[in-house]
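Here's the structure, in C-alpha cells; my notes come after.
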Amino acid sequence: MSDETTQKDTFVKPNIPEVFLKPYDPKEHEGVLYAAWEESGFFNPDVCIEKGVTAPDAEPFSIIMPPPNANGSLHAGHALFVTLEDIMTRFERMRGKRVLWYPGADHAGFETQTVYEKKLQKEGRSRFGMDPKVLYKEILDFTLSNKSFMEGQLRQLGASCDWSRALFTLDDRVVKTVYGTFEQLDRDGLLYRGARTVNWCSHHQTSLSNLETTYIDRTDKFYYFQYGPFVIGTARPETKFGDKFVVMHPDDTRYKEYTHGQVIELEWINGPITATIIKDESVDMEFGTGVMTITPWHSNVDFEIAKRHNLDYEQIIDWQGKLLPISQEFSGMRIAEAREKIVEKLATKGLIVKVEENYTHSVPVCYKCERDIEPQIRNQWYVKVRPLADKALEALDSKDTVILTEQHDKILRHWLTNLEDWNISRQIVWGIPIPAKICTACEHGMVDLTDSVTTCTKCDGAVVADIDTFDTWFSSGQWPFITLGYPDSPDFKNFYPTSVMETAADILQFWVARMMMLGIYRTGKTPFKHVYLHGLVRDKHGKKMSKSKGNVISPIEITEKYGTDALRMGLVVGNTPGTDMNLDPDKVNAYKKFANKIWNISRFILDATITFTPTGTPSLTASDTAILNRLDAITSEITMYMEKFQFHLASEKIYHYVWNELADTIIEESKSILSGNDADAKYARQYVLRECFITSLKMLHPFMPFVTEAVWQHLPQNLKIGEHEMLMVAKWPKIR
RNA sequence: GCGCGGUUAGCUCAGCUGGUAGAGCAUCACAUUGACAUUGUGGGGGUCACAGGUUCAAGUCCUGUAUCGCGCACCA
C-alpha cells in the first residue's frame, strides 16, 4: 500500500474507460481525432446532407478562408484566424446549417518572390540574369512544397475546412476567371494603359501600389538655392538637373511681376539654362519661399502640374536608382552620393542661400525592404476604380456588407472615398502573366486573351507580349467568387454571397476593399455579409513579433507544448474583435489546465452516471430545477454571444460556467445526493448532471474541439441517447 | 496636417442599452488519499489617464488636455 498508483487503482471503477485514468494528453488524441473528422467527410457540406446530418434545405453558411501564403510556416496570426473561423464554422455546423469553410493557398506574388530572393541570395545567386522561366519553375516548386507543409499545420490547428475543395491561387480556374475580369474591365472602359507616376522600388525592380508603400519619418537637410531671381527650397537636390520650369501661385503678390510663360535665363548646376515661369494654384504660398521648380518624372505632384500645363519632362534617375547622363559629371552616381556632391558644387558656385538642418518629413519606402521609393513614370495597366469603389460604398450604406468594427468601417469608407486609379502591373515573374500585347512603336497596350493580336490596333506597329504580371491583390480580390466557381457552379449558387469574411485588420484595404469592388463588379453582389477583422497577435508585452527581436511565438510549438485547444482558448478569450492581442504562453498554460479539468469532470460524471438509464421523467427537486434553469440561461447567453461574433465573451462564459459552476458547485453539491439513499433524487440528479455535462461539451466544442471530441468518443451509450456519434455534428443545445 | 482608437488591480486585458468595478497570470493564508496538485477554500490589491460638464446616479454620455497607437495625406 505504499505505492501511490496501486492505491489509486483500488478506487478505479471498471466501467470507466481506461483512457480517463491518466491526465489528458493532447498529443495522444489530436492527430487521431482530426483524422477521424476528415475521414467522416463532415467537413464537406454535401456529405453532411448525404449522411442526413444537415437538412437539404438548411440555411447556408459559408466562409472563404484567407488563403495563407505558401511560403513558410504558419505564424500566430494564422493560428488566430484558424481559431476564429473554425469557431464560427463548428458553431454553425452544430446548429444544423449547411456549412462550407473553403480553404486555399496563396502563391502570394511579390511576398513569395521576396522570400525566394533571400533564399537565392544565401546561395549566392540573384534573380536578375536568370531565365524567367527557370526562376518561375523554381519558385513554383518551392511554393508547392510549402503549400502541403502549411496545410498540415492548418490540420494541426483543428481547421474543419473542406479540403476536397481546396484551391491554389495559380490554378487554371483562377487564371481563367481573372483573365475574364481583365477583359471585361477593358470592354467596359475601366482599364487603360498609361504613363503615370508609379512607386518604384529600385531594389525589387518593380512598381508598387500605394498600399505597398509605407511612410517613415525622417529628418533631412532642406536646401534653399538661388534659381535665377528666385529662391527655391528642396530636400532633393539630386533631381534638380531637369528643372526648367519654376512654379508659383498666381495670387502670390511677391512674384506678381512675373507672368505665366515668361522665360528667364539663369546659372544652374551644370551651367546656364533657360527656365519658364508657370503659375499654378497647387503651390502652397506658405511653404518655403512659395516658389518651386518641378521634376515631373520623379514626383506625382510635379507630374500633375506638368500635365496641366502640357510641359515636357525627362527621367533623371534610372531604374537602379542611379543618376542618368543628363546630370553630366554626376552620371552613374547613387542618390546619396550625388546629393552631397551636387550641394558642394552649388556651394562653390555661390548658389546656396541657406540650409535648414532639421527638416522632418515622412518619406515613402518599400514596405518590404524599407528602401526609398523612387517615383518614376512608367507605362502600366490601370483600373479606373471610382465606379467600382462607389458600388462598394453603396454596399456598406445598404448594410449588405457590415464591417465589424465601426472603426474599421470608417477606415474603409475613407479609403474608398479617396481612391486613385489602381496600378495592377508588377515587374516580377512570380504571378499571373498579364494577357496583353504592347506595341513596340507607340507603346499602346492591347488586351489579348487568345494570343491573336499580331499588330498594333492603333499604329499597325509590331507588338510584343507584356512581360509583367498582375498585382497579387488583383487576383486575390476576386477570390470569393473564383473559389465558389462563378458563374455556373452549384457552390456559387448555394454559397455566394458568403456569410462572413474573417481576416486580418491590416489587409482591410489591400484585400477586403478589393474583394468588394471586384466582387460587385463581376457578380453584381457584394461577396460577404459580415466582415470580422482580427488584430495583430503580439508577444506577451504587446511587442510586435519579429525574427530579429527573437520574440516570435510559433503556434505549432505552442500546440505541441500545451495542446491545440489550449492555444485556441488563449487566442480567443478576452480578444476583442479588431484590436491587437497579446499572446502569453502562461495564459495558454491556464487553458491546458482547463482541458485537463474537463477531462476530470468527465471522469466524475461517467462514474456518477454508471447506473443511469434514462427511463421516464425525473422528479426534479427545487435545486435540480434551479440548476437546469441556470443552464438554460447560460446556453442562451452563449448562443447570443456567438451570433454576435463576441467569441471573447462566449469563451470566457463557458469557461467559468464549467469550472466554477459545474465543477465547483454542482458536482460538489451532487456528491451527497449521489451517495445517498433517495433513489428518485439520485436519478433526478444523474439526469441533471448529464444535461449540464452534454450541454457544456457542446458549447465548448467550437472553442476546444479536441478534448471535447475525445471525451465524447468515450461516452457510454446511456449518456449519448439521441445524440450523434460525433460531437462535431451533434446538435447545438436548445433551451428547454 | 486631417481622421480614428486605446489609456481600468503588479502584468496582460474584459466590462452590453449609465446604477457604487471583473478575469487570467502573479501574490498571501489555509486545506487536501475517493473526479481533478494541471486541485480546493478564502484573502490582499484599483480615487477606472487628467480636468470640467450632463444626470438622482458615469470606466460607461458630452467637452477639453496629456499620452500611446493606427489610418490617410503630404509641401517642392
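In what follows, chains carry the letters A, B, and so on, assigned in the order in which the sequence lines appear, proteins first and then strands, with residues in each chain numbered from 1.
- Each of A:V283 and A:Y24 lies near RNA chain B, and the nucleotide nearest A:Y24 is the one positioned closer to the 5' end.
- A:H408 places its NE2 atom 9 Å from the C1' atom of B:G71, with the value rounded to the nearest Å.
- At whole-Å resolution of the value, CD in A:E406 and C1' in B:C4 are 11 Å apart.
- B:A73 sits 42 Å from B:C25 when the C1' atoms are compared, rounded to a whole Å.
- Counting non-hydrogen atoms under 4.0 angstrom, A:I601 reaches a base of the nucleic acid.
- Comparing B:C36, B:C72, B:A73 against the side chain of A:W415 picks out B:C72 as the nearest.
- Between A:Y223 and A:F225, the distance separating the two ring centers is shorter than 6.0 angstrom.
- For A:Y655 and A:F703, the gap between ring centers reaches or exceeds 6.0 Å.
- At whole-Å resolution of the value, CZ in A:R690 and C1' in B:A35 are 19 Å apart.
- Among B:C74, B:A23, B:C36, the nucleotide with an atom closest to any side-chain atom of A:R603 is B:C36.
- Of the nucleotides present, B:C11 is the one that pairs with B:G24 by Watson-Crick or G-U wobble criteria, both distances under 3.5 Å.
- Against the 90° criterion about 0, the sugar-base torsion of B:G59 places it in the syn range.
- Within a 6.0 Å sphere centred on CD of A:E557, other residues, nucleotides and ligands contribute 12 heavy atoms or fewer.
- At the phosphate of B:G40, OP1 or OP2 sits under 4.0 Å from a side-chain N or O atom of A:K597.
- Heavy-atom nearest nucleotides on RNA chain B were determined for A:I411 and for A:V301, and the one closer to the 5' end corresponds to A:I411.
- Spacing of P atoms, B:G6 relative to B:G43, comes out at 33 Å, to the nearest Å.
- For B:G71, the paired base is B:C2 (Watson-Crick or G-U wobble, both distances below 3.5 Å).
- B:G44 and B:C28 have their C1' atoms separated by 7 Å, with the value rounded to a whole Å.
- As a whole-Å value, the separation of A:I403 CD1 from B:G71 P is 17 Å.
- Base pairing of B:G46 is not made with any nucleotide, judged by Watson-Crick or G-U wobble geometry with both donor-acceptor distances under 3.5 Å.
- Atoms CG (A:D664) and C1' (B:G42) sit 13 Å apart, rounded to a whole Å.
- Annotation: B:C48 and B:C11 have their P atoms spaced 16 Å apart (nearest Å).
- Aromatic ring centres of A:W268 and A:Y227: separated by under 6.0 Å.
- The interatomic distance linking A:K671 (NZ) with B:U39 (C1') rounds to 11 Å, in whole Å.
- Between A:Q509 and B:C72 there is a side-chain polar atom (N or O) within less than 4.0 angstrom of OP1 or OP2.
- Among the atoms of the strands shown, none is found under 4.0 Å from any heavy atom of A:F20.
- Rounded to whole Å, atom P of B:G71 lies 14 Å from atom CG of A:L533.
- As judged by a 4.0 angstrom heavy-atom cut-off over every strand, A:A663 is placed among the base-contacting residues.
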Legend entry - Letter per nucleotide, 5' to 3', of nucleotides 9-19 of chain B [B base touched, S only sugar-phosphate touched, - untouched; heavy atoms, 4.0 Å]: ---SSSS----
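- Looking at heavy-atom distances under 4.0 Å, A:V247 makes no contact with the nucleic acid at all.
- The aromatic ring centroids of A:F647 and A:Y641 lie 6.0 Å or more from each other.
- Across all strands shown, B:C30 forms a Watson-Crick or G-U wobble pair with B:G40, both key distances being under 3.5 Å.
- Of the C1' atoms belonging to B:G3 and B:U60, the separation is 24 Å, rounded to the nearest Å.
- Between A:K682 and A:F612, the closest side-chain pair of non-hydrogen atoms is not below 4.5 Å.
- For the pair A:I627/A:E691, no side-chain contact is recorded, criterion being any heavy-atom separation below 4.5 Å from C-beta on.
- Phosphate proximity of B:G40 to A:W659: present, with a side-chain N or O under 4.0 Å from OP1 or OP2.
- Counting any heavy atom pair closer than 4.0 Å across all strands shown, A:D506 reaches no nucleic acid atom.
- Of all nucleotides listed (B:G40, B:A23, B:C74), B:C74 comes nearest to the side chain of A:S362.
- Nearest nucleotide to the side chain of A:Y655, out of B:C36, B:G24, B:C4: B:G24.
- Spacing between atom OH of A:Y215 and atom C1' of B:C70 amounts to 16 Å, rounded to whole angstrom units.
- The stretch residues 569-598 of chain A participates, sequence neighbours left out, in these salt bridge (Lys or Arg N to Asp or Glu O under 4.0 Å) pairs: A:R538-A:D580.
- Taking atom C1' on both B:G40 and B:G34, the two are 15 Å apart, rounded to the nearest angstrom.
- Considering only the side chain of A:H414, B:C72 comes nearest among B:A35, B:C72, B:C4.
- A centroid separation of less than 6.0 Å is found between the aromatic rings of A:W599 and A:H29.
- To the nearest whole angstrom, the two C1' atoms, one in B:A49 and one in B:G5, are 15 Å apart.
- Counting non-hydrogen atoms of neighbouring residues, nucleotides and ligands closer than 6.0 angstrom, the CD atom of A:E356 exceeds 12 such neighbours.
- Rounded to a whole angstrom, the distance from the C1' atom of B:A31 to that of B:C13 is 31 Å.
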Inset, instruction - Apply side-chain contact (heavy atoms from CB on, under 4.5 Å) to the pair A:I507 and A:V512, showing each step before the final yes or no. - result: CA-CA 7 Å; A:I507 54 171; A:V512 176; 5.7 Å; no
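- When heavy atoms are screened at a 4.0 angstrom cut-off, A:D284 is found touching base atoms of the nucleic acid.
- If you check every strand for non-hydrogen atoms under 4.0 Å, A:K543 touches nothing.
- Residue A:S282 is classed as having no contact, given no heavy-atom separation below 4.0 Å to the nucleic acid.
- Between the side chain of A:K587 and the base of B:C25, no donor-acceptor pair under 3.5 Å is found.
- Under the Watson-Crick and G-U wobble criteria, each requiring two contacts below 3.5 Å, nucleotide B:U17 is left unpaired.
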